[in-house]
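As structure tokens, the structure follows; a few thoughts come after it.
What you see is a predicted model, and the numbers here were worked out from it, not measured in a lab. All values below come from the heavy atoms of this structure, side chains included, with hydrogens, waters and symmetry mates left out.
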Amino acid sequence: CGDQSPDALEFGSVGYGTLLCKDCACRHTINTQDLSDIKSLTNDHWDMHSILSLFEGGNTKMLEYIKDKPRWRPKKKTGDSKDVISFKQIYLSKASTAYRT
């Protein structure tokens, strides 16, 4: 979602401390709901912990952390689309697990 305009970012991931567009929020809800903890920026309740995760995190910070650890990325599988591969390499990697904790 880094290339989205700020108006398109309607959701937040408490688990990763990132802002998401509607499409990415749906992808997270389907694939990593327990890890991501997706909330609407306008319709859901945000407690202090959730708000701080966005302030302390950030899309750029999270992606830079994961890109610095290429060995931690999962293997590509035949038949996965480019979007699925990208999602898996970021959010299902050992680096993302370390970042969340």
Side-chain angles (χ1 to χ4, degrees):
C1 291
D3 59 349
Q4 298 286 335
S5 74
D7 294 339
L9 302 174
E10 303 174 40
F11 297 87
S13 168
V14 176
Y16 293 103
T18 56
L19 295 173
L20 304 167
C21 68
K22 191 178 203 176
D23 290 339
C24 290
C26 288
R27 205 174 282 142
H28 279 267
T29 300
I30 292 167
N31 295 296
T32 63
Q33 176 59 40
D34 294 339
L35 306 174
S36 297
D37 190 11
I38 304 301
K39 294 181 182 233
S40 166
L41 295 178
T42 56
N43 296 327
D44 288 329
H45 172 73
W46 287 76
D47 60 19
M48 186 58 73
H49 168 77
S50 301
I51 293 168
L52 288 175
S53 78
L54 290 181
F55 281 118
E56 292 176 356
N59 295 35
T60 302
K61 185 178 177 182
M62 194 256 325
L63 289 173
E64 285 175 358
Y65 178 87
I66 291 170
K67 286 179 183 176
D68 284 344
K69 292 156 183 57
R71 297 183 317 226
W72 290 9
R73 294 185 187 148
K75 302 276 188 235
K76 297 178 184 177
K77 292 183 181 175
T78 307
D80 282 348
S81 71
K82 197 174 195 178
D83 286 343
V84 169
I85 290 169
S86 178
F87 184 87
K88 284 181 178 180
Q89 286 183 331
I90 293 171
Y91 295 103
L92 301 179
S93 68
K94 291 179 186 176
S96 71
T97 301
Y99 185 81
R100 276 192 321 273
T101 57

Heavy-atom pair of closest approach, residues D44 and K39 = OD2-CA, 3.2 Å
To the nearest 0.5 angstrom, please state how far the OH atom of Y65 sits from the OG atom of S96.
-> 9.5 Å
Point-to-point distance, once rounded to the nearest 0.5 Å, from OG1 of T18 to CG of L9 = 9.5 Å
What pair of heavy atoms forms the shortest contact from L20 to S13, and how long is it?
-> CD1-CB, 4.1 Å
Please round to the nearest 0.5 Å and tell me the distance separating atom SG of C24 and atom CG of L19.
-> 11.5 Å
Any idea which heavy atoms bring V14 and S53 closest together, and the distance?
-> O-OG, 3.2 Å
Considering only distance and modelled atom types, tabulate donor-acceptor pairs under 3.5 Å from the side chains of residues 45-52, sequence neighbours left out.
from, atom 1, to, atom 2, distance (Å)
W46, NE1, S40, O, 2.9
D47, OD1, H49, N, 3.4
D47, OD1, S50, N, 2.8
D47, OD1, S50, OG, 2.7

With sequence neighbours left out, the residues meeting side-chain contact (heavy atoms from CB on, under 4.5 Å) with K22 are E10, F11
Check G12 against L41 and note the closest heavy-atom contact, atom names and distance.
-> N-CD2, 4.0 Å
